[in-house]
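First the structure, in the form of structure tokens, and then the observations on it.
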There are 2 protein chains.
Amino acid sequence: MPDAHPTFGKMIKRLDSRSPLSEADKLALLSVQHSVRKVPAGAHLVRDGEPPEQCALLLSGYAYRYKITGEGARQIVSLHMAGEFVDLQNSFLQVSDHSVQTLTEADVAFVPMQAIREITLSNPSIARALWVDTLVDSSIFREWVVNVGRRDSRTRVAHILCEFSLRLEAAGLAKDHRYELPMTQEQLADAVGLTSVHVNRVLRQLGEEGLISRDRRSITIEDWQRLREAGDFNERYLHHDFVAAARN
Amino acid sequence: MPDAHPTFGKMIKRLDSRSPLSEADKLALLSVQHSVRKVPAGAHLVRDGEPPEQCALLLSGYAYRYKITGEGARQIVSLHMAGEFVDLQNSFLQVSDHSVQTLTEADVAFVPMQAIREITLSNPSIARALWVDTLVDSSIFREWVVNVGRRDSRTRVAHILCEFSLRLEAAGLAKDHRYELPMTQEQLADAVGLTSVHVNRVLRQLGEEGLISRDRRSITIEDWQRLREAGDFNERYLHHDFVAAARN
DNA sequence: CGTGAGCTTGAGACCCATCAATGTGAGTGG
DNA sequence: CCACTCACATTGATGGGTCTCAAGCTCACG
């Protein structure tokens with residue numbers, strides 16, 4: 001039933017680019033059981049500690065994953081955009097180890113865990129493609145560990161702005177290094193392990209230096225090369241280098 | 001050919017506990033093509049930026065993954081012990097996004113990428129089990145993002161000591177909350193995003209408070225409950241809760 | 001015993017957090 | 001169309017946690 005939401009095609013294209021899928025695979029993905037629901041901004045898709053029952057694919061909008069420390073501080077561990085699965089891992093783990101919340105209003109396709117389990121057992125290429133997708137997720141987590149662990153505030157913020165720019169462009173959601181940042185400065189701060197006050201100062205500084213300009217939530221990268229250097233950014237970890245990997 | 005190194009059994013048992021394997025699956029894993037080599041401490045198993053050719057399974061000893069920032073700072077992003085794959089993701093990605101180095105002398109089984117690709121395509125249960133293994137890796141990365149992003153130094157160090165204790169016990173490499181920490185304080189610092197000087201002070205403080213005691217590289221957790229609280233530690237993210245997940 | 005890597009400790013500096021106040025713009029209701 | 005409100009952004013002043021620099025210590029090993 002290829003009357004699936006158009007974003008399904010986007011998701012399939014991304015998977016296919018890193019791990020080739022046959023036409024039959026693509027059709028199987030298109031017709032996987034799911035239900036679509038519109039979800040308001042700030043809604044929880046997954047809650048830390050609860051056993052998951054379905055897997056959410058973002059059809060539009062943004063979401064983020066986060067954890068809360070015992071002190072009550074929040075750390076955002078990833079940001080997700082249209083075409084991405086936000087909690088694929090939950091299909092195979094007993095209990096969720098973090099929460100997922102929408103950043104904006106979003107259209108979400110909920111796929112029953114069972115459907116994911118079945119399609120991946122009966123179709124090894126789909127399993128591999130989804131696996132690779134989670135491996136790229138991992139790579140981004142590793143880079144974030146480095147970002148919050150070893151970079152100073154200016155570098156950290158510049159780095160994440162570079163990452164968002166490339167990921168949004170790869171997803172067809174931005175171009176010319178200009179995009180709507182769907183988060184408040186406080187959320188940005190929680191993603192880079194700083195306070196919103198300090199993020200504000202850093203953004204101002206990056207603006208004064210002519211690396212970026214801002215208008216409300218819109219970010220324009222005025223000088224990609226310099227922002228890239230300022231952010232110690234190397235896009236290798238995004239694994240956008242789609243050289244058609246695998247012969248099997 | 002079940003004349004494989006005994007640690008293969010350990011690895012298989014761990015995989016099986018989170019994602020059930022048939023006897024045939026286990027035999028296939030035991031007889032996967034590989035070559036064993038003894039590697040000295042400090043040797044590189046993988047180098048950032050290079051295309052990987054094989055996948056390393058640690059049979060004995062310890063290894064860690066790390067990245068170097070443009071400033072030359074090192075961030076260790078994970079620690080691995082006997083029975084773990086250190087770079088499974090490399091079998092499916094074009095280029096390595098980080099380096100892997102041994103912490104101690106180690107026996108390593110090198111499995112050709114091609115063998116991993118083949119066994120996972122022809123055997124969906126093995127693919128799933130390895131996938132789940134990488135998902136647990138991801139969960140640990142997420143926790144590390146939180147650790148370096150939002151916890152103060154004392155909490156950070158206490159947290160990682162708790163994590164090591166549980167992981168080593170689960171691997172049968174420690175018991176009674178006592179273990180040999182296979183890293184220098186500088187390496188520990190690079191894992192928690194601090195300096196070795198500060199890690200040293202924190203370790204002393206934890207000792208003075210009676211939470212741990214140290215003798216050379218040996219760590220004894222004197223008061224698990226209090227260290228757990230000090231480290232804001234909840235073992236959920238380790239996904240050691242082996243309730244035999246899946247019917248298919 | 002000499003050597004070197006790693007551990008330990010102190011003093012001072014600095015980056016970022018905290019606290020606090022004000023500014024701004026979108027939405028709401030009168 | 002104008003108060004009013006509320007979330008978010010912005011800015012300043014101050015303090016603290018961690019880094020940096022530097023020196024001495026310990027212990028395994030030759």
Side-chain angles (χ1 to χ4, degrees), chain A residues 40-42 62 69 71-76 101-105 147-161 180-208 212-219 230 232, chain B residues 40-42 62 64 69 71-76 101 103-105 147-161 180-208 212-219 230 232:
Chain A
Y62 296 87
T69 70
E71 294 274 280
R74 174 176 64 174
Q75 176 68 46
I76 292 178
Q101 195 170 17
T102 52
L103 210 41
T104 60
E105 183 180 71
N147 209 35
V148 295
R150 283 291 182 231
R151 296 197 177 109
D152 67 20
S153 61
R154 177 169 174 274
T155 315
R156 254 185 246 193
V157 172
H159 189 281
I160 206 169
L161 291 179
E180 286 298 314
L181 190 67
M183 7 172 45
T184 64
Q185 291 182 4
E186 185 163 3
Q187 289 162 335
L188 191 57
D190 285 344
V192 293
L194 297 168
T195 59
S196 60
V197 171
H198 203 65
V199 162
N200 180 278
R201 292 192 228 271
V202 171
L203 287 174
R204 171 159 62 90
Q205 195 204 336
L206 291 175
E208 285 165 2
I212 64 171
S213 61
R214 295 176 294 147
D215 180 43
R216 317 207 37 66
R217 294 278 169 88
S218 161
I219 299 279
D232 185 24
Chain B
Y62 297 86
Y64 63 96
T69 70
E71 293 275 279
R74 175 176 64 175
Q75 176 68 45
I76 292 177
Q101 194 171 17
L103 210 40
T104 61
E105 183 181 70
N147 208 35
V148 296
R150 282 291 182 232
R151 295 195 177 109
D152 66 21
S153 62
R154 177 170 175 273
T155 314
R156 256 186 246 194
V157 172
H159 189 279
I160 206 168
L161 291 178
E180 287 298 313
L181 190 67
M183 8 171 44
T184 64
Q185 291 182 3
E186 186 165 3
Q187 290 162 334
L188 190 57
D190 285 343
V192 293
L194 297 169
T195 60
S196 60
V197 170
H198 202 65
V199 163
N200 179 278
R201 291 192 231 271
V202 170
L203 287 174
R204 171 160 61 90
Q205 195 203 339
L206 291 174
E208 285 166 3
I212 64 172
S213 61
R214 295 176 294 150
D215 179 42
R216 316 207 38 65
R217 295 277 169 86
S218 161
I219 298 280
D232 185 23

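Here is how names work: the chains are called A, B, and so on, in the same order as the sequence lines, proteins then strands, and each is numbered from 1. These values consider heavy atoms only, across backbone and side chains, with no hydrogens, waters or symmetry-generated copies.
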Does [X] place a side-chain N or O at less than 4.0 Å from the phosphate oxygens OP1/OP2 of [N]?
| X | N | value |
| --- | --- | --- |
| Asn200(A) | dA9(D) | no |
| Ser153(B) | dT18(D) | yes |
| Arg216(B) | dG6(C) | no |
| Arg204(B) | dT9(C) | yes |
| Thr195(B) | dT18(D) | no |
| Arg214(B) | dG6(C) | no |
| Arg217(A) | dA9(D) | yes |

Could you say whether Asp152(A) or Ser196(B) is positioned toward the 5' end of DNA chain C, judged by the nucleotide with the nearest heavy atom to each?
Ser196(B)
Expressed as a whole number of angstroms, how long is the span from [X]:[atom1] to [N]:[atom2]?
| X | N | atom1 | atom2 | result |
| --- | --- | --- | --- | --- |
| Asp215(B) | dC27(D) | CG | C1' | 12 Å |
| Leu194(A) | dT18(C) | CG | C1' | 14 Å |
| His198(A) | dA9(D) | NE2 | C1' | 16 Å |
| Ile219(A) | dA9(D) | CD1 | P | 11 Å |
| Gln205(A) | dT10(D) | CD | P | 14 Å |
| Gln185(A) | dG23(C) | CD | P | 18 Å |
| Leu203(A) | dT10(D) | CG | P | 8 Å |
| Glu208(A) | dT11(D) | CD | P | 8 Å |

For [X] and [Y], work out which heavy atoms get closest and say how close.
| X | Y | result |
| --- | --- | --- |
| Asp232(B) | His159(B) | O-CD2, 3.7 Å |
| Gly193(B) | Val148(B) | N-CG1, 4.1 Å |
| Arg74(A) | Arg150(B) | O-NE, 2.9 Å |

Look at the side chain of Arg201(B) and the base of dT20(D), then say whether one donor and one acceptor between them are separated by less than 3.5 Å.
yes
For the backbone of Arg151(B) and the side chain of Arg156(B), can you confirm whether one donor and one acceptor N or O come within less than 3.5 Å of each other?
yes
Scan side-chain atoms only and decide if Thr155(B) and Asp152(B) contain a donor-acceptor pair under the 3.5 Å cut-off.
yes
